[in-house]
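Some notes on the structure that comes next.
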Amino acid sequence: MGRPRRGAGRWLRAALASLVIGAVVIPLAGAAQAEVPAPAPVPSRPVTAGTLEATYAANRANAAAASRMATAHGDRHRAAADRALAGPRRHLLAFDGRGAGLATEVLGDLAHADHVAVLVPGSDTGLDTYGRFHNAALALHRRLDAAAPVGTRTAVVAWLGYATPGTVSAAVATTSRAEEAAPRLRALVGELRRIAGQRAQIALLCHSYGSVVCGRAAHGLDVADIVLVGSPGTGSGSVTALDTRARVWATRGTDDWVAHVPHVGADLFGTTVGFGTDPVASAFGARVFAAGDGGHSAYFAPGSRALANLARIVLGLTAEVTRD
């Protein structure tokens with residue numbers, strides 16, 4: 001994104017130090033950990049409304065096999081996480097137990113949904129921490145069910161479809177993981193369109209580093225809303241630069257530490273360090289809405305102001321969204 005703005009030099013020097021440390025320390029730490037074995041994922045085939053249940057069943061079976069392999073390997077924590085996802089009431093659109101793990105889970109009747117919310121997670125989200133991500137999706141789905149007008153059907157898609165960066169890592173300060181993830185997110189939206197049809201309204205709810213992923217995927221994406229939640233930035237300077245027809249929203253809780261992240265950006269060594277304009281700043285041009293006084297992990301807390309507004313956005317009740 002060109003040269004950094006004046007005053008950003010100190011932060012960029014720190015970022016460079018982090019990149020160097022990350023390049024040396026983090027790979028060594030990872031090398032010391034044996035990877036948990038898991039079966040290859042179910043072969044990818046186009047999913048339709050008619051094949052949805054068979055897809056869920058196949059991915060549950062794969063998760064069950066991954067749990068057995070993790071148990072044999074001695075990793076009880078991963079085994080329990082995989083076993084939970086293999087439960088008979090879980091609807092897995094995709095599952096890959098290898099490495100940190102990937103999963104796409106559906107809550108609700110996706111094939112007949114009028115409104116679909118896609119949750120895009122931020123850093124440190126993998127199968128070992130999937131429970132908290134699932135809880136956020138579950139809280140949103142329950143809120144949607146409670147707030148939806150009579151006869152309106154909803155679904156939530158928890159998309160752990162990319163290798164999220166670690167909070168303490170070099171990758172979390174660059175757009176590299178987001179650039180790798182963006183084509184996958186675009187493919188997911190296409191798949192949801194094939195399953196739910198053109199009438200369904202799709203909203204992306206992008207938390208933390210997930211908002212960088214959404215920013216990279218936004219161009220021409222067939223969604224009604226893109227919501228930046230606790231965002232450090234998108235890698236773009238403004239809503240206009242995202243080049244999307246979607247409504248773009250942004251929010252931040254008053255106790256969210258992301259408010260202290262420097263909003264700068266510079267191209268260094270073939271990648272972009274920093275994420276540019278603050279999404280809740282007027283210069284960015286998003287529709288800013290109230291999130292209450294919660295912290296970085298509180299946006300999907302049941303009963304919270306943030307969750308109520310997120311549900312209104314997903315349901316298209318834009319006039320009811322509250323501002324600060």
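Model, not experiment: these values are computed from the prediction.
- The aromatic rings of W257 and H296 lie tilted to each other, with the angle between the two planes from 30° to 60°.
- A 4.5 Å side-chain heavy-atom check between S208 and V229 finds every atom pair outside the cut-off.
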Item to check | Test log, rule side chain to side chain contact (heavy atoms under 4.5 Å, CB included), inputs V189 and V118 | outcome: CA-CA 9 Å; V189 171; V118 179; 5.6 Å; no
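- Contact of the R132 side chain with the D124 side chain is registered, since non-hydrogen atoms from C-beta on lie closer than 4.5 Å.
- The existence of a salt bridge linking D114 and R199 is confirmed by a sub-4.0 Å separation between a basic side-chain nitrogen and an acidic carboxylate oxygen.
- Across all their heavy atoms, S211 and P232 have their closest contact at OG-CD, 3.7 Å.
- Note that CZ of R90 and NE2 of H134 are 4.0 Å apart. Values are rounded to the nearest 0.5 Å.
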Checklist entry - After noting the C-alpha distance and the side-chain angles of L93 and E191, does the key distance pass the side chain to side chain contact (heavy atoms under 4.5 Å, CB included) rule? => result CA-CA 10 Å; L93 197 58; E191 186 170 48; 3.7 Å; yes
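- At a threshold of 4.5 Å between non-hydrogen side-chain atoms, the residues H115 and T152 count as touching.
- Distance check, rounded to the nearest 0.5 Å: CZ of R83 to CZ of R76 gives 11.0 Å.
- In this structure the side chain of T48 never reaches within 4.5 angstrom of the side chain of I195, judged on heavy atoms.
- Between L102 and R184, some side-chain heavy-atom pair lies under the 4.5 Å cut-off.
- Closest non-hydrogen pair, D222 versus Q198, comes out as OD2-OE1, 3.4 Å.
- Legend: disulfide (SG to SG under 2.5 Å) pairs involving residues 183-246, not counting sequence neighbours, sorted by first then second residue: C206-C214.
- In terms of modelled atom types and a separation under 3.5 Å, the side chain of R305 and the main chain of G253 share no donor-acceptor contact.
- Across R78 and A100, no two heavy atoms sit closer than the pair NH2-O, 3.4 Å.
- Of the inter-residue distances, the one linking F284 atom CZ with S238 atom OG reads 6.5 Å to the nearest 0.5 angstrom.
- Relative orientation of the F300 and H207 rings is perpendicular, given thresholds of 30° and 60° on the angle between their planes.
- In this structure, the side chains of T251 and L228 stay at 4.5 Å or more apart for every pair of heavy atoms.
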Next on the checklist: Run the side chain to side chain contact (heavy atoms under 4.5 Å, CB included) test on V156 and V106 for me, step by step, so that the C-alpha distance in whole Å, both residues' side-chain angles and the decisive distance to 0.1 Å come before the verdict.
Outcome noted: CA-CA 6 Å; V156 173; V106 176; over 6 Å; no
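- Hydrophobic cluster membership differs between V280 and L205, with clusters built from Ile, Leu, Val, Met, Phe, Trp and Tyr side chains linked at under 4.5 angstrom.
- Ring-plane geometry between Y130 and F133 is classed as perpendicular, the angle between the planes exceeding 60 degrees on a 0 to 90 degree scale with a lower cut at 30.
- Side-chain contact check for L127 versus L85: some heavy-atom pair is nearer than 4.5 Å.
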Item to check | Worked check of side chain to side chain contact (heavy atoms under 4.5 Å, CB included) between V288 and R323 | outcome: CA-CA 7 Å; V288 179; R323 273 76 169 177; 5.9 Å; no
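- Just one of V212, V213, T234 meets the side-chain contact (heavy atoms from CB on, under 4.5 Å) condition when paired with T175; it is V212.
- Residues L221 and V239 fall within the same hydrophobic cluster, defined by Ile, Leu, Val, Met, Phe, Trp and Tyr side chains chained together at heavy-atom separations under 4.5 Å.
- Residues P279 and S231 come closest through the heavy atom pair CG-OG, 3.4 Å.
- T104 contributes atom OG1, which lies 14.5 Å from atom NE2 of H91 (distance to the nearest 0.5 angstrom).
- Within 6.0 Å of CZ in R287 there are more than 12 heavy atoms belonging to other residues, nucleotides or ligands.
- Under the 3.5 Å distance criterion, the side-chain polar atoms of R143 are left unmatched by any main-chain donor or acceptor of A308.
- When all heavy atoms of H141 and A155 are compared, the pair lying nearest together is CD2-CA, 4.4 Å.
- A donor-acceptor pair under 3.5 Å is formed between the side chain of T55 and the backbone N or O of T51.
- Expressed to the nearest 0.5 Å, how far CZ of R216 lies from CD of E180 amounts to 12.0 Å.
- At least one donor-acceptor pair closer than 3.5 Å links the side chain of R193 to the backbone N or O of A200.
- Between the Y56 side chain and the A94 main chain, no donor and acceptor come within less than 3.5 Å of each other.
- Electrostatic pairing of R252 and D278 counts as a salt bridge here, judged by a charged N lying under 4.0 Å from a carboxylate O.
- By the 6.0 Å contact criterion, CZ on R245 is open, its count of non-hydrogen atoms from other residues, nucleotides or ligands being 12 or less.
- Applying the side chain to side chain donor-acceptor pair (under 3.5 Å) definition to pairs two or more places apart or across chains, those involving residues 308-320 are N309-R312, N309-T322.
- Between L307 and Y299 the shortest side-chain heavy-atom distance does not fall below 4.5 Å.
- Put simply, the side chain of T254 never gets that close to the backbone of G294: no donor and acceptor are under 3.5 Å apart.
- Between I226 and A246, the closest heavy-atom pair is CG1-CB, 4.0 Å.
- Note on V227 and V223: separate hydrophobic clusters, where clusters join Ile, Leu, Val, Met, Phe, Trp and Tyr whose side-chain heavy atoms are under 4.5 Å apart, directly or indirectly.
- Not a single donor-acceptor pair under 3.5 Å links the side chain of Y162 to the backbone N or O of V120.
- The same ILVMFWY cluster, assembled from side-chain heavy atoms under 4.5 Å apart, contains both L204 and L110.
- Open room surrounds CG on D293; 12 or fewer heavy atoms of other groups in view lie less than 6.0 Å from it.
- F275 and L185 end up in the same hydrophobic cluster when Ile, Leu, Val, Met, Phe, Trp and Tyr side chains are linked at under 4.5 Å.
- Although no hydrogens or angles enter the test, the distance criterion places a donor-acceptor pair under 3.5 Å between the side chain of T277 and the main chain of G237.
- R153 places no side-chain N or O within 3.5 Å of a backbone atom of G151 that could act as its donor or acceptor partner.
- When the salt bridge (Lys or Arg N to Asp or Glu O under 4.0 Å) test is applied to D75, no partner is found at least two apart in sequence or on another chain.
- R194 places a side-chain N or O within donor-acceptor distance of the main-chain N or O of V47, the cut-off being under 3.5 Å.
- In this structure, W249 CH2 and L310 CG are separated by 10.5 Å, a value rounded to the nearest 0.5 Å.
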